[in-house]
Amino acid sequence: MKIRKNDTVLVIAGKDKGKKGKVRFAYPKDERILVEGINFIKRHSKARKQARQAGIIDLEAPIHVSDVMLFCDKCNHPTSIGFRFLEDGKKVRICRSCKEVID
Ligand SMILES: [Zn+2]
């Protein structure tokens with residue numbers, strides 16, 4: 001999967017379109033990511049012994065990777081991801097706009 005944990009992404013579809021956030025978890029099998037502050041859903045929770053909060057709580061829900069673009073810190077722009085091989089054969093991601101290595 002192109003998007004990974006700790007990437008900064010820009011949401012390009014859905015109700016949080018235009019928002020930016022940091023990827024907290026990646027679920028490569030489902031091609032979904034959990035982004036900080038994005039896609040809050042309301043959940044009703046009953047008061048339980050262990051529960052800190054009762055009533056309605058906000059939870060972040062994972063979104064599909066196709067709903068986001070990687071936000072490049074180097075050129076300060078949302079970008080698509082390319083790949084490049086380093087001299088030692090290692091495959092790295094690059095920003096398609098500024099060609100900088102992302103990782
Ligand atoms: Zn860039």
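Counting starts at 1 for both ligands and their atoms, following the listed order. FYI, the numbering just counts along the sequence from 1.
- Residues Thr79 and His77 have side chains that never bring a donor and an acceptor to within less than 3.5 angstrom of each other.
- Lys19 and Asp16 are joined by a salt bridge, as a carboxylate oxygen and a charged side-chain nitrogen come within less than 4.0 angstrom of each other.
- Using a 4.5 Å cut-off between side-chain heavy atoms of Ile, Leu, Val, Met, Phe, Trp and Tyr, with links allowed through other members, Val68 and Ile94 fall into different hydrophobic clusters.
- With a cut-off of 2.8 Å, the protein N/O/S atoms near the Zn ion (ligand 1) add up to 4.
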Run the salt bridge (Lys or Arg N to Asp or Glu O under 4.0 Å) check on Lys42 and Asp58 step by step: do they pass?
CA-CA 5 Å; Lys42 298 225 183 277; Asp58 286 322; 2.9 Å; yes
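- Looking at residues two or more places apart in sequence or on another chain, you find a side-chain contact (heavy atoms from CB on, under 4.5 Å) between Asp88 and Leu86, Lys90.
- Residues Val101 and Arg84 form a side-chain contact, since some pair of their non-hydrogen atoms from C-beta on lies under 4.5 Å apart.
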